[in-house]
2 protein chains.
Amino acid sequence: MKTLKISEAVVRRLPIYLRHLMELKQREVLTVSSQDLGQKLDLNPAQIRKDLAYFGDFGRKGIGYDVSYLIEQIRHILKLDQEVHVGLVGAGKLGHALCNYSVYLNDNMKIVAVFDAMPNKVGSQINNLTVMAMDDLRDTVRRLNIRIGIITVPAPEAQHVADQFVEAGVEAILNFAPVILKVPSHIRVHAADFTTDLFSLAYYLQEEDGKEKVENGETVNHS
Amino acid sequence: MKTLKISEAVVRRLPIYLRHLMELKQREVLTVSSQDLGQKLDLNPAQIRKDLAYFGDFGRKGIGYDVSYLIEQIRHILKLDQEVHVGLVGAGKLGHALCNYSVYLNDNMKIVAVFDAMPNKVGSQINNLTVMAMDDLRDTVRRLNIRIGIITVPAPEAQHVADQFVEAGVEAILNFAPVILKVPSHIRVHAADFTTDLFSLAYYLQEEDGKEKVENGETVNHS
DNA sequence: TAGATTGTTAATCGATTAACAATC
DNA sequence: TAGATTGTTAATCGATTAACAATC
């Protein structure tokens with residue numbers, strides 16, 4: 001069992017493994033090979049074995065991986081076996097949508113508080129949560145042990161919100177605003193801005209008229 | 001000016017450069033160095049220069065990059081200087097939210113049609129768009145020249161929607177559903193599922209009790 | 001001219017893949 | 001036993017970073 005230096009690329013694949021394993025479990029599949037997984041997830045089987053081997057010897061030679069056991073292990077690695085409270089700032093459409101997705105989230109990971117800077121939003125209901133004022137953020141984060149913050153405010157306000165999250169003691173931030181946040185190095189930030197994705201997709205569109213960039217059709221590797 | 005094999009990593013950084021350059025332009029900054037950009041965007045200046053140099057000699061030695069000119073160039077590279085029509089399937093909260101973000105999108109990239117499989121959603125209004133039935137997808141994609149499809153339906157329906165997008169002739173897909181889509185190799189798919197992000201964030205949380213995984217605190221490189 | 005900054009080559013670093021002995 | 005499949009080492013591939021001549 002290795003310990004040190006697990007790369008972000010590896011960690012980002014774990015939820016993808018987990019998600020598919022849960023589906024297999026639901027279909028009552030008992031065992032799965034790295035071959036099978038690779039096929040389904042479009043990944044190299046050796047990579048999957050290597051990823052998992054960073055954390056333990058989860059498989060059995062000649063057999064594969066026990067689906068339930070592997071789920072349990074990955075859930076532990078990702079700390080999804082403990083309660084993780086999430087707070088969200090920005091009670092707009094997107095914030096609303098994410099709160100609803102909450103249902104899809106793991107039982108242990110849930111959005112427990114929603115905040116907004118607009119006075120007219122404060123007090124309104126989202127599912128079973130009442131939108132709170134930003135003034136309540138700091139105390140609420142501490143009181144409810146909120147460890148992850150989600151930011152769904154417009155870009156110009158995102159940095160300020162991040163600062164407040166950090167101040168309040170959040171450990172990680174998922175940022176939907178299209179800005180690069182400046183935070184202390186011990187805070188983990190993941191960018192979830194969909195415009196970046198969408199704009200980079202446009203690059204791969206075929207040239208409208210066949211006149212230039214012919215080379216792209218051949219060189220670009222569609223995955 | 002290089003041509004071949006521009007990696008996905010490079011393409012994904014272009015929208016980030018663009019975004020910051022637009023901000024600079026708004027602040028009437030005329031010129032920017034790779035140094036400055038790197039500082040703001042948390043990237044290595046050499047990497048920025050190399051990224052840009054794949055597409056042309058946009059900078060001036062001793063001076064830096066002309067902000068307006070570089071914006072123009074990146075917009076061209078990303079094809080944001082042409083009209084790109086986008087279609088969206090799944091008129092739920094998330095779909096709604098993305099349609100609203102449309103305002104933030106580039107003028108030339110816009111969501112021009114929304115579809116939903118639920119009969120009770122069909123006919124309702126989202127901004128200035130009327131939600132259409134799935135039966136209309138194929139014809140509408142062709143009629144309106146929709147080139148990018150966005151999927152915001154529940155996971156079990158996502159593959160079917162993708163199939164229909166592909167059949168209709170869409171060139172790229174932005175998928176918010178937590179599944180790996182199977183599409184022909186000439187179709188580009190970007191995953192935009194936020195649960196993956198959120199789950200991988202949980203990995204980086206501190207251990208609740210100080211008993212195990214001490215190594216993480218030291219080895220993990222927070223970016 | 002002196003200082004700044006590019007574009008680019010070479011060096012480094014890290015991640016993916018292939019290959020295979022171990023073993024179920 | 002024969003076939004399948006892991007965990008792991010070694011080879012490959014690709015991306016990032018450092019360094020520097022060219023030049024504004």
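On a predicted model such as this, the values are computed, not experimentally measured, just so you know. The chains referred to below are lettered A, B, ... by the order of the sequence lines, with proteins before strands, and numbering in each begins at 1.
The distance between atom CG of Asp57(B) and atom C1' of dT8(C), rounded to the nearest whole Å, is 10 Å. Rounded to whole Å, atom C1' of dA15(D) lies 13 Å from atom CD of Glu8(B). Protein atom NZ of Lys50(A) is 12 Å distant from nucleotide atom P of dA10(D), rounded to whole Å. Here the C1' atom of nucleotide dT17(D) and the CG atom of Asp42(B) are 15 Å apart, to the nearest Å. What separates CD1 of Ile48(B) from P of dT6(C) is a distance of 9 Å, to the nearest Å. Atom CD in Gln73(A) sits roughly 16 Å away from atom C1' in dG7(D) (whole-Å rounding). Distance Asp51(B) CG to dT8(C) P: 13 Å, rounded to the nearest Å. Rounded to an integer number of Å, the gap from CZ of Arg12(B) to C1' of dT16(D) is 18 Å.
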Stepwise side chain to side chain contact (heavy atoms under 4.5 Å, CB included) check, Leu43(B) with Ile48(B) = CA-CA 7 Å; Leu43(B) 295 171; Ile48(B) 295 174; 4.1 Å; yes

Chi angles and distances behind the side chain to side chain contact (heavy atoms under 4.5 Å, CB included) call for Met109(B), Leu198(A): CA-CA 9 Å; Met109(B) 171 113 85; Leu198(A) 201 51; 3.8 Å; yes

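Between Lys40(A) and Glu23(A) there is no salt bridge, since none of the side-chain N atoms of the basic residue sits less than 4.0 Å from a carboxylate O of the acidic one.
Without hydrogens or angle criteria, Asp66(B) side chain to Thr31(B) main chain gives no donor-acceptor distance under 3.5 Å. Not one N or O on the side chain of Glu171(A) forms a donor-acceptor pair closer than 3.5 Å with the backbone of Arg188(A). Remark: the backbone N or O of Tyr203(A) is paired with a side-chain donor or acceptor of Lys79(B) at under 3.5 angstrom.
With hydrogens and angles left out, the side-chain atoms of Asp163(B) and Gln159(B) include a donor and acceptor closer than 3.5 Å. Checking His160(B) against Gln164(B) by side-chain atom types alone, a donor-acceptor pair falls below 3.5 Å. Looking at Thr195(A) and Arg19(B), their side chains never bring a donor and an acceptor atom within 3.5 Å of each other.
Of all nucleotides listed (dT5(D), dT23(D), dT17(C)), dT23(D) comes nearest to the side chain of Lys61(B). Checked against dT16(D), dT17(C), dT16(C), the side chain of Ala9(A) finds its nearest nucleotide in dT16(C). Candidate nucleotides dT8(D), dA18(C), dA18(D) were compared by shortest atom distance to the side chain of Asn44(A), and dA18(C) ranks first. Among dT16(C), dA18(C), dT17(D), the nucleotide with an atom closest to any side-chain atom of Ala46(A) is dA18(C).
Between Gly59(A) and Gly62(A), the one whose closest nucleotide on DNA chain D sits nearer the 5' end is Gly62(A). A residue-by-residue look at Ile63(A) and Leu43(A) shows that Leu43(A) has its nearest nucleotide of DNA chain C further toward the 5' end.
A heavy atom closer than 4.0 Å to some atom of DNA chain D occurs in Ser33(A), Ser34(A), these being the qualifying members of residues 15-40 of chain A.
Checking the phosphate oxygens (OP1, OP2) of dC20(D), no side-chain nitrogen or oxygen of Arg49(B) falls inside 4.0 Å. Taking only side-chain nitrogens and oxygens, Arg60(A) never comes nearer than 4.0 Å to OP1 or OP2 of dT6(D). In this model, the phosphate group of dA4(C) is not approached by any side-chain N or O of Tyr65(B) to a distance below 4.0 Å at OP1 or OP2.
Contacts of Phe194(B) classified as ring-ring contact (aromatic ring centres under 6.0 Å, His included), with partners at least two apart in sequence or in another chain: Tyr101(A).
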A correct dot-bracket answer for DNA chain D, with pairs being Watson-Crick or G-U at under 3.5 Å, [ ] for crossing pairs and | for inter-strand pairs, is ..||||||||||||||||||||||

